[in-house]
Amino acid sequence: MNHPSVVTLGAESAPRSLMAGSRLLRVKLPPGARCIYPKPSRAGFADTEGLVGAALRSPLGSEPLRARLRPGMKLTIVISAPLSPSPSPGDVRGKMVESVLGVARERHVDDIEIIIAGGVERKLPPSLVQTLLGARVLGEVRRVRNHDAEDREQFVPCGELPDGAPLELPRRILESDLVVGVSARSSSPLRPLEGLLRGLLSASAMKAVTSAELARPEGACDAPELRLFPLLEGRVPLFLLDALVEATPESSSLSFLYKNEDELSESEKRALRVCELGSVPGMLRRLLARSERARVALVYAGDPELVSERAVQGAWEQVGVPVLGQADVLIVPVGTPTGIGLGEGTDPLTAQGLGAGEFFCRFRGHPLLRPSGTLILLHPLSDRFPHQKQTASEAFVHELLPRRLPLGTLFAREKERFFSDPALIQMYRTGFAFHPLHSFTRYRASEMARHYAGRIIVVGADNESVPALFGFETARTLDEALYRASDGLSRKLEICCLKEPSLLLSEVSL
Amino acid sequence: MAASYFDVDGTLVQTNLIRPTLYYLLNQPTPLASARKFLRALLKAPQMALGELQDRRVFNEILYTVYEGVSEDRLLVLAREVYERVVRPSIFPGTRELIAKAREAGHQIVLISGELECILVHLKEELGADELIANRIEMKDGISTGKIMRPVVAGPTKAALLRRHARAAGHDLEECFAYSDSFSDVPMLSVVGHPTAVHPDRKLRLLATTYGWPLLDLERAGARL
């Protein structure tokens with residue numbers, strides 16, 4: 001029997017409304033198609049401080065934070081990127097840092113530094129740092145900085161990759177008596193520990209890690225990523241603090257966007273019609289996103305390996321949906337109705353990395369799509385990149401992708417050229433732009449789908465050249481894409497559609 | 001091997017061609033001589049403004065006529081002073097980082113500027129640049145004639161000089177970088193594979209945004225938030 005979040009559509013079912021970039025597409029799926037909805041997440045608690053305080057007092061596999069702090073020590077707090085969930089007012093990470101600072105104050109720890117570990121992502125501008133951490137934290141800690149993967153002078157070798165390449169972390173991290181990592185998630189199945197350490201690497205170490213991971217067989221992107229913490233051999237005294245934030249708040253003003261279309265109330269149907277009329281203005285969506293206060297459901301603290309394990313388990317328990325059987329066609333809408341990623345999620349490189357990468361890989365057991373099946377992405381893939389942030393992405397798409405090189409060859413050839421471009425690196429360092437390595441990471445995210453799926457078709461694309469650069473086909477309508485997917489198949493197509501893939505994890509059994 | 005070609009004024013340092021010249025004008029042997037020189041230069045201001053509108057080279061030629069009659073040794077002494085007091089304090093915080101990154105990438109570092117060579121030679125040393133392409137004042141019997149020696153480093157000529165330099169050094173222009181702040185340097189930016197606008201003027205910003213050229217701000221140092 002199907003899980004309540006897996007809805008099999010009938011002939012009378014209403015059309016589905018799916019995000020495609022900043023628009024809502026209304027599509028009629030054939031009877032028998034399955035649509036997977038986010039399941040109601042566990043309810044969050046209003047008392048974030050209380051939850052964090054309890055976790056700090058009773059950590060997993062570690063002494064309480066209070067016992068690990070002493071006067072005169074060096075304490076570094078590392079905020080993990082990417083910035084999910086959105087740093088709307090009251091971002092939980094700011095509250096978590098406040099709690100850590102409270103304990104540090106009690107223990108008379110004065111030498112405190114906060115590092116925002118964005119790795120090769122763009123540095124956070126001061127306004128976003130303010131939103132992320134809040135005025136109280138910034139008023140208390142003077143030394144707050146974005147991690148700079150290109151500041152060669154700050155890095156110290158601290159371990160070796162399997163191929164002998166050095167791992168490098170900031171001197172401050174290695175000289176600290178305690179490093180407290182702070183991360184938050186609502187649905188990400190990735191280990192917070194790996195995200196945190198990658199966010200602190202030097203660019204050259206990041207290149208070495210990428211080379212090591214590319215050495216794996218093609219299409220093996222579903223294999224666990226290279227684990228860095230064991231390679232550090234205990235040189236980083238790390239205490240991890242991770243919060244699970246409720247994924248789909250029932251009180252959200254946009255909750256109708258996550259619901260089964262057959263079960264909407266009249267007012268919700270009207271609201272949906274309005275949203276379908278056209279692109280929801282970015283300003284309005286940001287306002288709606290800001291009006292929501294994501295609440296914390298669970299907090300884990302302590303030993304980084306144990307916390308990582310429990311955090312991933314917590315994410316699966318919160319948003320994991322059991323699904324029986326794979327599908328011939330998987331429909332993945334790309335576009336998030338709320339959140340800070342709005343502006344950043346719309347450039348084509350990011351969109352393909354999300355749709356054919358992150359969302360496609362959110363499975364356990366087996367992929368939702370059958371081998372050689374058809375992956376359908378809904379997104380315009382417009383050839384537009386915000387210039388100040390995405391110069392490197394634009395150059396990557398238009399200069400490197402037309403060469404059509406295998407991923408490993410492309411990386412090896414461009415490691416010392418494009419990925420070391422002094423102008424693009426300077427933009428990353430001082431211009432709040434993404435590092436050129438970031439564009440490669442985004443592109444690489446979809447590599448598994450490129451090898452696994454028989455074809456990837458984009459519906460709703462406003463051009464053909466950009467999808468072609470990614471190796472995708474385009475179709476004007478979903479019906480056309482489904483018709484092409486049925487080519488050569490003697491039986492009825494089995495279709496699976498994800499309503500909001502950023503809030504879903506699929507546990508697929510055959 | 002590739003090269004990085006850097007315009008200087010407004011790109012790597014906050015000065016422009018006028019500030020060093022003003023320093024020179026205001027530091028004549030006597031206050032009276034300074035006033036006389038300054039007034040004479042002031043009379044040429046409208047001509048310079050027109051020249052700038054027409055062609056950066058004309059502007060340079062008019063500007064440097066103020067050096068007419070200066071002895072070579074005095075010019076060198078003044079150049080050192082101008083460098084120490086005007087140019088050096090105006091080096092942008094991010095300049096050294098950018099040059100270090102270009103050096104790490106294995107690039108030859110070349111400064112290319114309409115400023116006088118005798119001033120920029122000190123900047124070249126300070127930044128550890130490999131080569132300098134800049135304007136030189138013509139000397140006759142050890143005295144400046146106030147004329148710039150050909151080719152005048154400005155506008156499209158910069159592009160020709162850059163091409164010539166790259167050919168002689170065996171660089172592939174497609175692999176080379178060029179950095180400038182001014183729309184007048186678009187020819188120079190256009191001949192390399194990696195053009196970059198650094199605190200660009202309005203017209204260059206528009207062009208850089210349209211064509212996806214990187215935009216840099218060297219007024220911020222990298223390690224800061």
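So that the names make sense, note that chain A is the first sequence line, chain B the second, and so on, each numbered from 1.
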Q: Kindly say whether A/E150 contributes a backbone atom to a donor-acceptor pair with the side chain of B/K101 at under 3.5 angstrom?
A: yes
Q: Count the heavy atoms belonging to other residues, nucleotides or ligands that lie under 6.0 Å from CZ of A/R404, then report whether that count exceeds 12.
A: yes
Q: Among A/E153, A/H398, A/R152, A/Q154, who wins on heavy-atom pairs under 4.5 Å with chain B?
A: A/R152
Q: Out of curiosity, B/E97 CD to A/D151 CG, how far, rounded to the nearest 0.5 Å?
A: 7.5 Å
Q: Take a 6.0 Å sphere around CZ of A/R136 and say whether it holds more than 12 heavy atoms from other residues, nucleotides or ligands.
A: no
Q: For A/R142, does the CZ atom have more than 12 heavy-atom neighbours from other residues, nucleotides or ligands under 6.0 Å away?
A: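 At most 12 heavy atoms, drawn from other residues, nucleotides or ligands, come within 6.0 Å of this atom.
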Q: Do the non-hydrogen side-chain atoms of A/P422 and B/H107 ever get within less than 4.5 Å of each other?
A: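 Yes, close enough: below the 4.5 Å cut-off.
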Q: Does B/E84, at its CD atom, have more than 12 non-hydrogen atoms belonging to other residues, nucleotides or ligands within less than 6.0 Å?
A: yes
Q: Are side-chain heavy atoms of B/W213 and A/T391 found at a separation under 4.5 Å?
A: no
Q: For residues A/S420 and B/A105, report the shortest heavy-atom separation together with the two atoms involved.
A: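 Looks like O-CB, 4.2 Å.
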Q: Sort out for me which residue in B/T196, B/L215, B/L98 forms a side-chain contact (heavy atoms from CB on, under 4.5 Å) with A/Q426.
A: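 It is B/L98, the one option of B/T196, B/L215, B/L98 that forms the side-chain contact (heavy atoms from CB on, under 4.5 Å) with A/Q426.
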Q: What part of B/T209 gets within 4.5 angstrom of chain A, counting heavy atoms only: side chain, backbone, both, or neither?
A: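 For B/T209, backbone and side chain are both near chain A.
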Q: What closest approach, in Å, do A/E394 and B/G212 show between heavy atoms, and which atom pair accounts for it?
A: OE1-CA, 4.1 Å
Q: Could you measure the distance from the CD atom of A/E416 to the CD atom of B/E104? Nearest 0.5 Å is fine.
A: 10.0 Å
Q: For the residue pair B/P214 and A/L424, what are the closest heavy atoms and their distance?
A: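 Taking every non-hydrogen atom into account, CG-CD2, 3.8 Å.
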Q: Near A/R384 CZ, under 6.0 Å, is it more than 12 heavy atoms from other residues, nucleotides or ligands?
A: no
Q: Work out which heavy atom in A/T430 is nearest to a heavy atom in B/D217; give both atom names and the distance.
A: OG1-O, 3.3 Å
